Amino acid sequence: MIDIQWLIGGEAGYGIMTTGVMMSKVFTRLGLSVYDYVEYPSLIRGGHNAYYVRASEETIFSQKRKVEILVALNRETIDKHKDELSEKAAVVYDPEITKVDPNEFSKEIILVPIPFLDLIKQLNADRLMINTVGVGASLALFHSDFEILNGILQDAFGKKGEKIISENVNTSKAGFDFVKKNFSGKFSISLEKKPQKSILLSGAESVGLGAIKAGIKFAAIYPMTPINNIQSTLVSNALKYNIVIKEPEDEISGINMAIGASYGGARSMVATSGGGFALMVESLGLASQTETPIVFIEGMRPGPATGFPTWTEQGDLQFVLHAAHGDFPRIVMAPGDILEAFECTVRAFNLAEKYQLPVIVLVDKYLMEGHGTIDKYQISNIKYQIERGKTLKDEEISTQTDYKRYSFTDDGVSPRSLPGQKGGIALSGTDEHDERGHYNEDAENRVRMMDKRFKKLESAMSEIPKPQLFGDKEAPLTIISFGSTKMTIMQAISDLKKQGININYLHVIYMSPFPSETVSEIMKNSKKTLVIENNKTGQFESLICEKTSLVPSDHFRKYDGRPFYPEEIVDKVKQLI
Amino acid sequence: MTQLQDLEITYDKPNWCPGCGDFGIWMALKNAIVQTGLNPWEVVLVSGIGCSSKVPYWVKTYGFNGLHGRPVPVAQGLKLANHSLNIIAIGGDGDQYGEGMSHIVHAARRNTNITLLVHDNQLYSLTTGQYSPTTDMGEKNKATPVPTIETPLNSLSVALSAGATFVARGYAGDVKNLTELIINAVKHKGFSIVDIMQPCVTFNKKNTYAWFNERIYRLEDEKFDFNSKEKAFSRIEEWPLRKSLKEGEKERIPIGIFYKEERPTWEDGIPQIVQAPLVKQSLENIDINPLLDEFK
């Protein structure tokens, strides 16, 4: 079974990101299961970038530690990643740029020196193209046909004109041919093309597609890592799907624009990271108090303040659960992988509108920026109905004479008029208000209104899917986790199975309302519970304790800005059982 | 045709202090809606927080009473969702020129087709009279142990620099003139701002009706040409005062239209809403399958 990880490293500004996605596409089109992961600093030029692409004949869920092909665009890459090389790995480099001593590697490592710069010079291409040579060279190590890369380049650069295409094709072909000629058959892995089953999506693209599917009409997004690709996905499809996407002057303006647009009846969303969300906090309460539907995408990265802007962490869980003053209902969901990012996003729009409250989709850099293969039909066959709940149609409201925007109802949800509708005139107020939205200081009214708003959360609970338990019910250990750690945990479970170790895993998506009953029941039936989360203080573990009054037996936390690796989880599990 | 009584709220009534300038603005606003011939359900008053921002409570149109300083972004988003609405944002000088000033700058440069009315009483009055961005220099009140040396903000000058296409000042003590200004502002295609001098009878002991009456003059009485930015700036600079007065000299406070210009609005640049406002567009049968093939 082939399971290969390719890594390209070099200075930022050398197109490492583009090259990485290209290699992911190569493996995708070869019919493999793919996952990629990128590390980069917060700058445009200089600094070290590393792009990992893992591909396998069996379904994979995350990156892994060991690297089978390392493309080093500079010496720093070798120094930083030498220890990650697997036994028979190939190291691709230009001896002119990167001085390598064969003795620094074990004997089985295959050195593949390629004159990147010479090849570039011969073709009169820009020095920045050396990464493209690297891709072509890498391909030749494990696959015999250049056509696969040619097709990807045509698709990627088709719109940019013949010159750009031919420059890319020629440079990568030069690398490909050089390896074919000089290193043919040296590398241990050889890949044949199989029928392609999947498409390649990043978490951010998946959220963007989900929003489009859900009928998003308005988004206000101030740029911030790691959600920028949500913005670009929406922008590139804005004209096709009639979506208005604006870049506000700041996040406070952004969320208020989105609330205004949603109040007007357009399905609306904001996307940001923790710092931007911090600016939106007061307005989160505004949305809940005025009962205005709104979807937030919060892409976590390590804080506080600017923190570690291009790295990953799950450190905002308790923040989003408690953000803004006062008690008010909100829905918080944390998708675990690229497909769930799509599913949660489409559902978020329905929940927001049906229950007229803010819905936060909590993601992180790891999920947003990594690409993975998913079956296209898992998205295209999804049964999705846009549900607008009690949003009133013109004909339902036009003849009303005494409409009350915040009328008391059994499920807490009041029929909602939209500005412009005759008969629906109403005040949407941020003050505590009566059924008409008017300021009201009466004690009894305050209690009824608070109870009404919270009733919506109870009502929503009935349609929220229960958390899923993966694996054997009777396993000796239960992992409990939330959000993007799912990817690594699923990989670890698969790896453990091969070693004859069976564990199970409770994946919790809904943080609010929290599925206390299911979690309690599973915890009570577990022999041992291990909470895995990507933060220092155990924010998810605290939530479990708070909501179930049960204390998990073990935990595993990581807060160095890196995601978990399946190997780490495998080791941790082995220590515990 | 909309009548004044169509705008009356029967179950609630204004709770401003007797004599508050807000009453004059409230009346002028209702008059303007009636005289412009707008249907109440096609008008949305979007306000912030403060005495002024209570206006939507007492006018029977759609109303959104949001956060301090933020009505302008709400109004802009609402406009993009449904550009057939007539949207009037309302706030005070603290709300708009303190917390919300940056939003005015950006709404002005975008030229969003909304109107902003700023009730300018030169104080934070709902919190019992602290100094605001437009408090006269040298005033002493409960927020400062010594007279303030902060230069008052000339917000209309900022709005004009930023690209506002309709810039005016009104006076709560001249309802007739103010009604005309609001009508013009609402009819204007683009971002219109009306700064309205609004005496606070409880906390502002200096800038009273009597004080304003002695200083205010109408630009139209001087046949002022509002098509020139240069002339507009020179009149806008007359008030708030940013220099010392000579012995016996009095401030001159212009009211009326300083500047008016036609320029494409924000909404004009959005092809997505040419056919119909966003809110009127169908959400049925959204097919993303063609997009999925781009990710092969």
Side-chain angles (χ1 to χ4, degrees), chain A residues 25 28-29 155 196 199-201 205 209 212-213 215 217-218 220 237-239 241-244 246 248-250 252-254 256-268 282-283 286 290 376 379-380 386 388 418-431 436-439, chain B residues 9 11-12 15 39-44 46 49 54 56-57 60-82 84-85 87 102-103 105-106 266 270-273 275-281 283-284 286-296:
Chain A
K25 289 205 169 193
T28 305
R29 291 195 186 185
D155 289 350
Q196 182 185 348
I199 55 172
L200 184 79
L201 274 187
E205 288 163 344
L209 291 175
I212 296 170
K213 177 73 189 170
K217 282 284 143 208
F218 181 80
N237 296 297
L239 296 181
Y241 291 88
N242 275 358
I243 298 159
V244 173
K246 286 293 176 189
E249 60 272 25
D250 56 42
I252 297 177
S253 180
N256 279 281
M257 280 185 189
I259 287 172
S262 178
Y263 165 66
R267 287 198 146 192
S268 303
E282 189 187 18
S283 310
L286 172 69
T290 56
K376 175 182 154 181
I379 286 186
S380 62
I386 287 177
R388 307 203 67 181
L418 301 175
Q421 288 179 327
K422 199 177 170 185
I425 285 181
L427 183 76
S428 299
T430 174
D431 286 307
R436 296 180 194 279
H438 274 246
Y439 184 57
Chain B
I9 296 278
Y11 40 83
D12 198 0
N15 54 21
N39 290 317
W41 59 91
E42 288 165 350
V43 175
V44 190
V46 180
I49 295 297
K54 294 177 179 179
Y57 282 83
K60 199 170 180 190
T61 61
Y62 277 91
F64 188 94
N65 177 216
L67 296 175
H68 191 62
R70 314 301 169 199
V72 169
V74 171
Q76 289 174 87
L78 176 58
K79 189 72 185 180
L80 295 181
N82 188 351
S84 66
L85 297 170
I87 300 169
S102 72
H103 305 313
V105 169
H106 296 279
W266 204 25
I270 303 175
Q272 298 93 310
I273 58 174
Q275 295 292 329
L278 286 180
V279 65
K280 299 286 178 201
Q281 296 181 15
L283 300 185
E284 300 297 311
I286 296 170
D287 182 12
I288 60 165
N289 287 336
L291 294 186
L292 298 181
D293 290 333
E294 292 172 19
F295 296 95
K296 268 187 191 161

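Hydrogens, waters and symmetry mates play no part in the numbers below; they use all other heavy atoms, side chains included. Numbers restart at 1 for each chain; the letters A, B, ... are given by sequence-line order, proteins then strands. If you're wondering where the values come from, they're calculated on a predicted model, not measured in any experiment.
- With a 4.5 Å cut-off on non-hydrogen atoms, B/I273 touches chain A through its side chain but not through its backbone.
- The shortest heavy-atom contact between B/I286 and A/G215 is CD1-CA, 3.4 Å.
- Heavy atoms closer than 4.5 Å to chain B are found in both the backbone and the side chain of A/L418.
- The two residues A/P419 and B/L78 come nearest to each other via the heavy atoms CG-CD1, 4.0 Å.
- For a residue to count as touching a neighbouring chain, one of its non-hydrogen atoms must lie under 4.5 Å from one of that chain's; by this rule A/K213 touches chain B with backbone and side chain alike.
- The two residues B/P73 and A/N256 make their nearest non-hydrogen contact at CB-CB, 3.6 Å.
- For B/Y62 (side chain) and A/S428 (main-chain N/O), no donor-acceptor pair under 3.5 Å exists by modelled atom type.
- Contact of B/L85 with chain A is made through the side chain alone, with heavy-atom distances under 4.5 Å.
- Note: A/L286 CG to B/H68 NE2 = 14.0 Å, rounded to the nearest 0.5 Å.
- Across every non-hydrogen atom of B/L283 and A/R267, the tightest pair is CD1-CD, 4.0 Å.
- For A/N237, the part lying under 4.5 angstrom from a heavy atom of chain B is the side chain only.
- For the pair B/L80 and A/M257, the minimum side-chain heavy-atom distance is 4.5 Å or more.
- Formation of a donor-acceptor pair under 3.5 Å by the B/Y57 side chain with backbone atoms of A/L427 is not found in this model.
- Proximity to chain A (any heavy atom under 4.5 Å) is restricted, for B/D287, to the backbone atoms N, CA, C and O.
- No more than 12 heavy atoms of other residues, nucleotides or ligands lie within 6.0 Å of NZ in B/K60, so this atom counts as exposed by the packing criterion.
- Interface remark: A/T290 contributes side-chain atoms only to the contact with chain B (heavy atom separation under 4.5 Å).
- When A/G429, A/G265, A/S283, A/S380 are compared by the number of non-hydrogen pairs under 4.5 Å with chain B, A/S380 comes out ahead.
- For B/S102, the parts sitting under 4.5 Å from any heavy atom of chain A are the backbone and the side chain alike.
- Proximity to chain B is limited to the side chain of A/I386, based on heavy atoms less than 4.5 angstrom apart.
- Side-chain contact annotation: B/K296 with A/Q196, donor-acceptor N/O pair under 3.5 Å absent.
- In terms of heavy-atom proximity, B/G66 sits nearest to A/T430 at O-CG2, 2.9 Å.
- Among A/D155, A/I252, A/I259, the residue with the largest count of heavy-atom pairs under 4.5 Å with chain B is A/I252.
- The distance from the CD1 atom of B/I288 to the CD1 atom of A/I212 is 7.0 Å, given to the nearest 0.5 Å.
- Within the 4.5 angstrom heavy-atom criterion, atoms from both the backbone and the side chain of B/H103 approach chain A.
- In this structure, B/I9 CD1 and A/H438 NE2 are separated by 4.5 Å, a value rounded to the nearest 0.5 Å.
- Using a 4.5 Å cut-off between heavy atoms, B/Q275 does not touch chain A at all.
- Heavy atoms of B/K79 lying under 4.5 Å from chain A are absent altogether.
- Heavy-atom distances place both the backbone and the side chain of A/A238 under 4.5 Å from chain B.
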